[in-house]
Asker: 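For reference, the structure I am asking about is given below.
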Amino acid sequence: MKKVVFDTNVIISAYKGHGFPRDCYYLARTNRIKLHYSEPILDEVKRVLAYLKFNFTNEEIKVITSDFVNYAKHVKIQSEIHIIKEDRSDNMFLECAIDARADFIISGDNHLLKLKNYRGIFIVSPKEFIMQNL
């Protein structure tokens, strides 16, 4: 089974019901891929879900994050990566993927996508992942 880490934008798009991110999340929910997350990723998801533009209530944020945690495996971060300089917070996805021994990071973030591969971890968009793995 392929091990994956989702970028925050993929997680939020999946819950808003958008195309390929939603398809990727469906694969995790049906145990066709194994989704991993770290505490920093979960914290960022909670923070971003609270943005006014998404219009989620506190209760909806709790339901979304609880659902996400139920379908993903928690990874305790041991690695410290400083490869992405433009947006240092993106390094948390690399750290999680390394410590989870993930096969893929699924992202819509250009800072991550331009790497394409980091230490044997493929970094692809949700569309690329679905097209390559179905």
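Index from 1, following the sequence.
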Asker: Looking at Asp23 and Lys127, does any basic side-chain N land under 4.0 Å from a carboxylate oxygen?
Answerer: no
Asker: Check the hydrophobic clustering (I, L, V, M, F, W, Y; side-chain heavy atoms under 4.5 Å; chains of links allowed) and say if Val69 and Ile41 are grouped together.
Answerer: yes
Asker: Using the rule that Ile, Leu, Val, Met, Phe, Trp and Tyr join whenever any side-chain heavy atoms are under 4.5 Å apart, tell me whether Phe68 and Val75 fall into a single cluster.
Answerer: no
Asker: Can a donor-acceptor pair be found, under 3.5 Å and without considering hydrogens, that links the side chain of Arg32 to the backbone of Leu27?
Answerer: no
Asker: Asp87 vs Ser89, test: side chain to side chain donor-acceptor pair (under 3.5 Å). Steps then yes/no.
Answerer: CA-CA 5 Å; Asp87 185 352; Ser89 67; 2.8 Å; yes
Asker: May I ask you to check whether Tyr25 and Tyr15 place their ring centres under 6.0 Å from each other?
Answerer: yes
Asker: Provide the closest heavy-atom pair for Ala14 versus Pro21 in the form atom of the first, atom of the second, distance.
Answerer: CB-O, 3.6 Å
Asker: Surrounding NZ of Lys85 (heavy atoms of other residues, nucleotides or ligands, distance under 6.0 Å), is the total greater than 12?
Answerer: yes
Asker: For Thr65 and Lys62, indicate whether the former's side chain and the latter's backbone hold a donor-acceptor pair under 3.5 Å.
Answerer: yes
Asker: Does the Asn91 side chain pair with the main chain of Glu80, one donor and one acceptor, at a distance under 3.5 Å?
Answerer: no
Asker: Quick one: closest heavy-atom pair of Asn117 and Arg119, and the distance?
Answerer: OD1-N, 3.9 Å
Asker: Which of parallel (below 30°), tilted (30 to 60°) and perpendicular (above 60°) describes Phe122 and Phe104?
Answerer: tilted
Asker: Just wondering, do Ser66 and Asn70 contact through their side chains at under 4.5 Å, heavy atoms?
Answerer: yes
Asker: Please round to the nearest 0.5 Å and tell me the distance separating atom CD1 of Ile106 and atom CG of Leu112.
Answerer: 12.0 Å
Asker: Enter the distance from Ile98:CD1 to Ile105:CD1 here, rounded to the nearest 0.5 Å.
Answerer: 7.5 Å
Asker: At what distance, to the nearest 0.5 angstrom, does OG of Ser125 lie from CZ of Phe20?
Answerer: 8.5 Å
Asker: Tell me, with the steps shown, if Lys73 and Lys34 meet side chain to side chain contact (heavy atoms under 4.5 Å, CB included).
Answerer: CA-CA 8 Å; Lys73 181 175 181 176; Lys34 186 63 186 162; 3.7 Å; yes
Asker: Using the rule that Ile, Leu, Val, Met, Phe, Trp and Tyr join whenever any side-chain heavy atoms are under 4.5 Å apart, tell me whether Met1 and Tyr71 fall into a single cluster.
Answerer: no
Asker: With a 4.5 Å cut-off on side-chain heavy-atom distances among I, L, V, M, F, W and Y, is there a chain of contacts connecting Ile12 to Val63?
Answerer: no
Asker: Run the numbers on Lys114 and Glu86 for salt bridge (Lys or Arg N to Asp or Glu O under 4.0 Å), then give the verdict.
Answerer: CA-CA 12 Å; Lys114 73 180 181 182; Glu86 302 89 355; 2.8 Å; yes
Asker: CG/Leu49 to CD1/Ile61 distance, rounded to the nearest 0.5 angstrom?
Answerer: 5.5 Å
Asker: Give the minimum heavy-atom separation between Ser79 and Asp99, together with the two atoms involved.
Answerer: OG-OD1, 2.5 Å
Asker: I would like to know whether Glu39 and His74 meet side chain to side chain contact (heavy atoms under 4.5 Å, CB included); could you show each step before the answer?
Answerer: CA-CA 8 Å; Glu39 210 56 42; His74 181 264; 3.3 Å; yes
Asker: Should we say atom CZ of Phe54 is surrounded by more than 12 heavy atoms from elsewhere, each under 6.0 Å from it?
Answerer: yes
Asker: Check whether any side-chain N or O of Asp7 sits under 3.5 Å from a backbone N or O of Val10 as a donor-acceptor pair, and report yes or no.
Answerer: no
Asker: Find the distance between CD1 (Ile123) and CZ (Phe129) and round it off to the nearest 0.5 Å.
Answerer: 13.5 Å
Asker: Please name the pair of heavy atoms, one in Cys24 and one in Ile33, separated by the smallest distance, quoted to 0.1 Å.
Answerer: O-CD1, 3.6 Å
Asker: Taking the side chain as everything from C-beta on, heavy atoms only, tell me whether Asp109 gets closer than 4.5 Å to Asp90.
Answerer: yes
Asker: Is the CG atom of Asn58 crowded by more than 12 outside heavy atoms at less than 6.0 Å?
Answerer: no
Asker: Could you give the distance from CD1 (Ile121) to CG (Leu115), rounded to the nearest 0.5 Å?
Answerer: 10.5 Å
Asker: Evaluate Glu44 against Thr8 for side chain to side chain donor-acceptor pair (under 3.5 Å), listing each step before the verdict.
Answerer: CA-CA 7 Å; Glu44 181 172 273; Thr8 304; 2.5 Å; yes
Asker: Do Ile77 and Phe6 share a hydrophobic cluster, counting only Ile, Leu, Val, Met, Phe, Trp and Tyr and linking them when any side-chain heavy atoms are less than 4.5 Å apart?
Answerer: no
Asker: Taking C-beta and beyond as the side chain, do Ile83 and Tyr118 meet within less than 4.5 Å on heavy atoms?
Answerer: yes
